[in-house]
Amino acid sequence: MKNYLRRYASSFLILTIINVILAMYVVRRYDMNLPYLAFTISTFINSAFVALARSVFKSEKGNAVVNSILAYVLIIPVLYIIREVYGSVLFRLSYTIYIVLAIILIIYGIGLLVAKKRYKSEVDELNRLLLDKDNSEDDDE
Amino acid sequence: MKIRVFEKPEVNELEVIINCKTKNEQVAEITNALTYLNKSITGKLDGRLYHLSPNKIYYFDSIDNKVFAYTKTDVYQVSQKLYQLEETLFNTPFIRINKNTVLNTKKIRSFHTAINGRMEATLLNQEKVVISRKYVPVLKDKLGGNVQ
């Protein structure tokens with residue numbers, strides 16, 4: 001629970017900054033007022049989803065592939081909530097949200113590959129140490 | 001190093017005596033190895049108590065405030081807490097690899113990484129355990145690498 005709350009706090013901070021930047025863009029460019037209450041509530045709800053996605057992704061239990069897919073699925077409602085708040089100002093076309101989802105999926109996939117490659121070098125080193133240890137024990141015998 | 005074994009039928013308990021000039025690293029390694037073989041952990045299975053030798057145990061896992069010792073084929077419940085086992089088996093091949101698991105490094109077959117960057121170890125009995133990144137430097141040190 002403590003980890004989830006910490007992730008929630010960091011997600012809230014990041015989403016607040018993103019929302020403020022988006023809101024400033026929308027208000028200045030399109031000269032419209034945004035519903036403050038919906039804006040605030042959406043930030044709280046989106047932070048919960050993002051924190052949950054991060055917790056599922058980093059979870060040490062369960063299948064890693066399933067966790068990765070589930071983490072992406074938990075991000076999808078965030079976009080729908082943003083669309084509800086900003087309406088057609090940001091999502092001009094009906095299929096814009098699907099394009100954004102596809103872009104996020106591509107970035108997510110690249111992120112997964114980078115993470116796997118980054119930690120592969122550590123795993124290779126551990127395997128090398130294990131092999132060296134086995135070989136030295138065989139030599140002693 | 002000279003190794004001598006004397007068979008004496010009148011001896012009841014095995015005794016190992018190490019004669020050395022100074023207590024150096026080699027002597028420490030030998031005493032650690034003997035500690036590993038000498039310790040005994042009591043485990044319960046099907047209502048019966050068993051004395052388990054650490055070299056038979058693959059890993060200890062804590063679930064719902066209970067600690068279990070996993071051997072090649074069986075699972076024993078152990079009365080000690082995980083941190084107590086960690087202290088008892090300090091100079092042995094056992095090492096904590098995540099919040100709930102203490103692993104016998106002698107039983108590791110290989111390491112691999114999962115799609116989300118999670119690190120896993122496959123044991124000699126084909127079981128898999130998850131290694132938390134926080135404990136990787138200590139694991140490297142245990143396997144003989146340098147911690148930076």
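This one's a predicted model, so the numbers in the text were calculated from it and none came from an experiment. Labels below follow one simple rule: chain letters A, B, ... track the order of the sequence lines, proteins then strands, and each chain is numbered from 1.
- Judged purely by atom type and a 3.5 angstrom limit, S59(A) has no side-chain atom pairing as donor or acceptor with the backbone of S55(A).
- Heavy-atom pairs under 4.5 Å with chain A peak, among H112(B), R133(B), M119(B), at R133(B).
- Judged purely by distance below 3.5 Å, without hydrogens or angles, the side chains of N98(B) and T101(B) pair a donor atom with an acceptor atom.
- For D124(A), no part lies under 4.5 angstrom from a heavy atom of chain B.
- Atom CD of Q77(B) is surrounded by more than 12 heavy atoms from other residues, nucleotides or ligands within 6.0 Å.
- Contacts of N67(A) with chain B are made by side-chain atoms alone, with heavy-atom separations under 4.5 Å and no backbone atom involved.
- The environment of Y98(A) atom OH is sparse: at most 12 non-hydrogen atoms of other residues, nucleotides or ligands sit within 6.0 angstrom.
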